[in-house]
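Contents: one structure, followed by commentary.
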Amino acid sequence: MKNIYSLFLVFLFSVVMKAEVSVSEKSALINLYNATNGANWKAKWDLNAPVSSWYGVKLLNDKVVAIQLQNNNLVGTLPASIGDMRSLEVLNLSFNKISGSIPTSIGELGSLKSLSMFMNALSGTIPAEMGKLSNLESLSLYNNDLEGQIPSSLYNLKNLKVLYLNSNKLSGKLDSSISSLSNLEKLSLFDNKMDGQIPYDITKLNNLKEMNISYNQFSGLVSRDMAKMDVLNLTMLNDKGVAQTLKISADKNTALASED
């Protein structure tokens with residue numbers, strides 16, 4: 001009986017040692033592989049091998065914490081099951097050929113700190129569910145075909161340091177709530193179709209080091225501080241597609257403006 005019990009313990013120990021990720025996480029990874037034509041990736045996965053050996057996948061305590069598949073010839077759409085990897089901290093799918101919309105389930109990735117899906121062919125709107133990513137520090141979705149307004153929920157991301165949404169088809173106004181992103185260091189909305197007055201509250205972003213919101217259809221006056229922040233000096237396209245520079249307000253940052 002003791003021998004049988006010992007054999008059982010050895011068997012149980014070996015099963016535990018071989019355990020890698022949960023069934024739901026492995027299934028989500030396989031769904032991503034199949035949905036983006038994994039057979040033609042530059043660096044492919046051997047689905048019969050341990051998940052720990054799969055290219056671009058990082059595990060910690062048997063949880064998927066990073067997926068880094070940039071420039072790996074991913075072609076297809078994002079599966080909704082991507083939201084099942086709840087421990088994911090880094091998701092980098094940039095420089096690929098991913099199309100379709102961003103699944104709303106991405107808002108379930110509560111541990112996510114960095115999301116990079118720039119240089120793809122993503123379309124549709126930015127899902128409001130992204131506002132649930134309370135730990136997000138970097139969001140890079142530039143050079144896609146995203147449209148519609150920036151969801152107001154994005155202004156709730158208090159930990160956000162980098163927001164790159166340039167070179168899309170985004171429209172609508174830039175909400176004054178952007179001043180809530182108190183940790184924001186880099187902002188790029190360059191080359192979209194946004195319009196209306198640029199909120200003066202943007203100058204309240206004391207940690208902002210880089211800003212490019214040019215080549216939109218913003219109008220009205222801007223402060224001297226704001227003009228100094230934008231790398232292209234707030235050059236905008238009017239309704240006829242003609243480039244023009246926004247004028248600096250005389251009653252905002254007057255001392256600086258008077259130096260000209």
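Of the candidates I198, D230, L221, L246 forms a side-chain contact (heavy atoms from CB on, under 4.5 Å) with just one, namely I198.
For NZ of K209, the number of neighbouring non-hydrogen atoms (other residues, nucleotides, ligands) closer than 6.0 Å is 12 at most.
Cluster membership for M85 and Y55, using ILVMFWY side-chain heavy atoms within less than 4.5 angstrom, is shared. L174 and Y215 sit in two unconnected hydrophobic clusters of ILVMFWY residues. Membership requires side-chain heavy atoms under 4.5 Å apart, directly or through other members. Linking Ile, Leu, Val, Met, Phe, Trp and Tyr residues whenever their side-chain heavy atoms come within less than 4.5 Å leaves L165 and F190 in two separate clusters. Residue I82 is grouped with residue I126 when hydrophobic side chains (ILVMFWY) are merged at heavy-atom distances under 4.5 angstrom, including chains of intermediate members. In this structure, I30 is a member of the same hydrophobic cluster as I106, with clusters built from ILVMFWY side-chain heavy atoms closer than 4.5 Å.
No side-chain donor-acceptor contact under 3.5 Å links S99 to the backbone of L122. Under the 3.5 Å distance criterion, the side-chain polar atoms of N156 are left unmatched by any main-chain donor or acceptor of L154. Although no hydrogens or angles enter the test, the distance criterion places no donor-acceptor pair under 3.5 Å between the side chain of N135 and the main chain of N159. With N238 contributing its side chain and Q244 its backbone, the two residues share no donor-acceptor pair below 3.5 Å. Under the 3.5 Å distance criterion, the side-chain polar atoms of N233 are left unmatched by any main-chain donor or acceptor of K228. For the pair N120 (side chain) and I98 (backbone), a donor-acceptor distance under 3.5 Å is present. Using a distance-only test at 3.5 Å, with no hydrogens or angles considered, no donor-acceptor pair links the side chain of N31 to the main chain of A80. In terms of modelled atom types and a separation under 3.5 Å, the side chain of N92 and the main chain of Q68 share no donor-acceptor contact. The backbone N or O of S22 lies less than 3.5 Å from no partner atom in the side chain of D62, so there is not a single donor-acceptor pair.
Contact of the V57 side chain with the V51 side chain is registered, since non-hydrogen atoms from C-beta on lie closer than 4.5 Å. With a 4.5 Å cut-off on side-chain heavy atoms, L88 and I67 count as touching. By the 4.5 Å heavy-atom criterion applied to side chains, L237 and V242 are not counted as neighbours. Using a 4.5 Å cut-off on side-chain heavy atoms (C-beta onward), L146 and T125 make no contact. No side-chain heavy atom of L187 sits less than 4.5 Å from a side-chain heavy atom of E210. In this structure, L69 and T36 have side chains that are not in contact, with every pair of non-hydrogen atoms separated by 4.5 Å or more. Side-chain contact between L47 and W54 is present, with heavy atoms from C-beta onward closer than 4.5 Å.
Listed here is the closest heavy atom pair of N212 and S214: OD1-N, 3.2 Å. Minimum interatomic distance between L163 and L181 (heavy atoms only, all atoms of both residues): CD2-CD1, 4.5 Å. Of all the heavy atoms in K44 and G38, the pair that sits closest is CG-O, 3.6 Å. Closest heavy-atom contact between M119 and N144: N-ND2, 4.1 Å. In this structure, L78 and M117 approach most closely via the heavy-atom pair CD1-SD, 3.6 Å. Looking at every heavy atom in both residues, P103 comes nearest to P127 through O-CG, 4.3 Å.
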TODO: Walk me through it: do L189 and N168 pass the test side-chain contact (heavy atoms from CB on, under 4.5 Å)?
DONE: CA-CA 9 Å; L189 303 174; N168 278 289; over 6 Å; no
Between M211 and L184, does the side-chain contact (heavy atoms from CB on, under 4.5 Å) criterion hold? Intermediate values first, please.
CA-CA 10 Å; M211 182 180 83; L184 199 63; over 6 Å; no
inquiry  = With side-chain contact (heavy atoms from CB on, under 4.5 Å) as the criterion, how do F218 and M194 come out once you've worked through the C-alpha distance, each side chain's angles and the decisive distance to 0.1 Å?
reply    = CA-CA 6 Å; F218 290 124; M194 301 183 70; 3.6 Å; yes
### Task
Begin from the C-alpha positions of E25 and R86 and carry the test salt bridge (Lys or Arg N to Asp or Glu O under 4.0 Å) through to its verdict.
CA-CA 9 Å; E25 284 194 320; R86 305 297 173 84; over 6 Å; no
Does the side-chain contact (heavy atoms from CB on, under 4.5 Å) test come out yes or no for K158 and S180, once each step is laid out?
-> CA-CA 7 Å; K158 306 296 184 184; S180 299; 3.5 Å; yes
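Taking the six-membered ring for Trp and thresholds of 30 and 60 degrees, W45 and Y33 have nearly parallel ring planes, at less than 30 degrees apart. The aromatic rings of Y142 and F118 sit parallel, their planes meeting at an angle under 30°, below the 60° perpendicular limit.
A side-chain donor from one of N166 and S188 sits under 3.5 Å from a side-chain acceptor of the other. Side-chain atoms of S223 and D225 form no donor-acceptor pair, as typed in the model, at a separation below 3.5 Å. Counting only N and O atoms by type, the side chains of K161 and N207 include no donor and acceptor under 3.5 Å apart.
Taking the charged nitrogens against the carboxylate oxygens, E20 and K26 have no contact shorter than 4.0 Å, which rules out a salt bridge.
How far CG of N37 is from NZ of K97: 10.5 Å, rounded to the nearest 0.5 Å.
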